[in-house]
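Worksheet: the structure to be examined is printed underneath.
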Amino acid sequence: DGGITQSPKYLFRKEGQNVTLSCEQNLNHDAMYWYRQDPGQGLRLIYYSQIVNDFQKGDIAEGYSVSREKKESFPLTVTSAQKNPTAFYLCASSIGANTGELFFGEGSRLTVL
Amino acid sequence: AQSVTQLGSHVSVSEGALVLLRCNYSSSVPPYLFWYVQYPNQGLQLLLKYTTGATLVKGINGFEAEFKKSETSFHLTKPSAHMSDAAEYFCAVTGGSQGNLIFGKGTKLSVKP
């Protein structure tokens, strides 16, 4: 079945450690996105990529980094510079940019102790 | 700038009652509008979308929404609530940077037996 796979589902880390969240899609979509979700705040865009080897900052990129070396993969690194990293992270993809119809993974819940 | 407002962070209805979740948007261009549903600890799933054409849009699970340009609204309705409808619902509009989606803060729907 085609879809988006995020791993791990749950992750615990100590303060000051970098963490990488995996996102893989087999939908052959060009565009991929990372969102952060906090209770009562909706979804906020961290980074997005419309094509391999290119990505742009979203609304809350500080303290995060991404790469897009392959079409199907878009990993997110939460660095120690992110002041409040505990959150639910969602990866999504779309056929192309500006289509609006996003397909989401199941999410990764990061807790920093 | 485009924005989305969902009125009511929590809505509670009885099983069998009408579901009405409100969404208002602001957009300087004709918008594409979306409703997504999220079950606990899962990603988002598309319920329905409006792009052009008929203003009453039908989606999955018996939900529908009507685009009212004069009221800048896109409210989500379902005639008869089911226990399985309990979830969080997000309204979204195109118009962010590079045409990305802008999400509302979400409305959590509870269904009482």
Side-chain angles (χ1 to χ4, degrees), chain A residues 3-11 21 23-25 27 29-51 54-61 87-111, chain B residues 1-11 21-25 27 29-52 57 59-60 65 67 74 87-109:
Chain A
I4 299 178
T5 302
Q6 289 187 238
S7 63
K9 179 83 172 172
Y10 299 95
L11 188 58
L21 307 180
C23 178
E24 303 277 331
Q25 55 103 353
L27 300 168
H29 286 173
D30 285 322
M32 296 187 75
Y33 309 80
W34 275 105
Y35 288 90
R36 172 179 171 139
Q37 184 177 19
D38 297 282
Q41 295 200 42
L43 276 69
R44 293 182 289 169
L45 183 63
I46 305 173
Y47 268 98
Y48 62 100
S49 167
Q50 297 178 352
I51 195 168
D54 189 38
F55 49 83
Q56 287 79 39
K57 293 181 179 180
D59 301 317
I60 56 164
F88 191 54
Y89 291 89
L90 287 161
C91 179
S93 71
S94 62
I95 291 173
N98 307 327
T99 64
E101 185 169 350
L102 301 180
F103 293 78
F104 283 85
E106 297 269 296
S108 292
R109 186 169 298 280
L110 172 63
T111 303
Chain B
Q2 279 76 2
S3 66
V4 177
T5 302
Q6 291 185 239
L7 188 62
S9 58
H10 288 87
V11 170
L21 304 183
R22 300 178 188 273
C23 173
N24 288 90
Y25 68 92
S27 176
V29 297
Y32 288 4
L33 294 155
F34 303 80
W35 275 100
Y36 285 84
V37 61
Q38 183 182 34
Y39 298 99
N41 292 312
Q42 293 188 24
L44 278 68
Q45 178 185 3
L46 181 67
L47 266 181
L48 50 79
K49 64 180 179 181
Y50 169 79
T51 54
T52 58
V57 180
I60 62 172
F67 170 57
F74 191 57
E88 191 158 18
Y89 293 80
F90 292 92
C91 182
V93 62
T94 49
S97 54
Q98 300 290 320
N100 293 320
L101 280 186
I102 299 170
F103 285 88
K105 295 190 179 219
T107 298
K108 198 163 287 187
L109 175 67

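When reading the values below, keep in mind they use all heavy atoms of this one structure, side chains included, and skip hydrogens, waters and symmetry mates. Lettering follows sequence order; numbering is per chain, from 1.
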For B:Leu7, look at atom CG and say whether over 12 heavy atoms of other residues, nucleotides or ligands are found less than 6.0 Å away.
-> no
A:Phe103 portion near chain B, given a 4.5 angstrom heavy-atom threshold | neither
Examine whether an atom of B:Gln38 lies under 4.5 Å from a heavy atom of chain A, and if so say whether it belongs to the side chain, the backbone or both; otherwise answer neither.
-> side chain
Determine the option with the most heavy-atom pairs under 4.5 angstrom with chain A, choosing from B:Lys49, B:Gln6, B:Lys105.
-> B:Lys105
Given that the side chain runs from C-beta out, which part of A:Gln6 has a heavy atom under 4.5 Å from chain B: side chain, backbone, both or neither?
-> neither
Looking only at non-hydrogen atoms, find the nearest pair between B:Phe90 and A:Gln37 and report the distance.
-> CZ-NE2, 3.3 Å
More than 12 heavy atoms of other groups within 6.0 Å of A:Tyr47 OH = yes
Non-hydrogen atoms of chain B under 4.5 Å away: do they reach the side chain of A:Gln41, the backbone, both or neither?
-> backbone
Would you call B:Phe103 and A:Leu102 a side-chain contact if the rule is heavy atoms closer than 4.5 Å?
-> yes
Residue A:Ile4 versus chain B: region with a heavy atom under 4.5 Å = neither
Would B:Leu44 and A:Leu43 satisfy side chain to side chain contact (heavy atoms under 4.5 Å, CB included), going step by step from the backbone distance to the final call?
-> CA-CA 10 Å; B:Leu44 278 68; A:Leu43 276 69; 4.1 Å; yes
Under 4.5 Å from a heavy atom of chain B, the part of A:Tyr10 involved | side chain
Heavy-atom pair of closest approach, residues A:Phe88 and B:Asn41 | CZ-C, 4.1 Å
Straight-line distance of B:Leu101 CG to A:Glu101 CD, nearest 0.5 Å = 10.0 Å
Region of A:Leu90 in contact with chain B, defined by heavy-atom distances below 4.5 Å = side chain
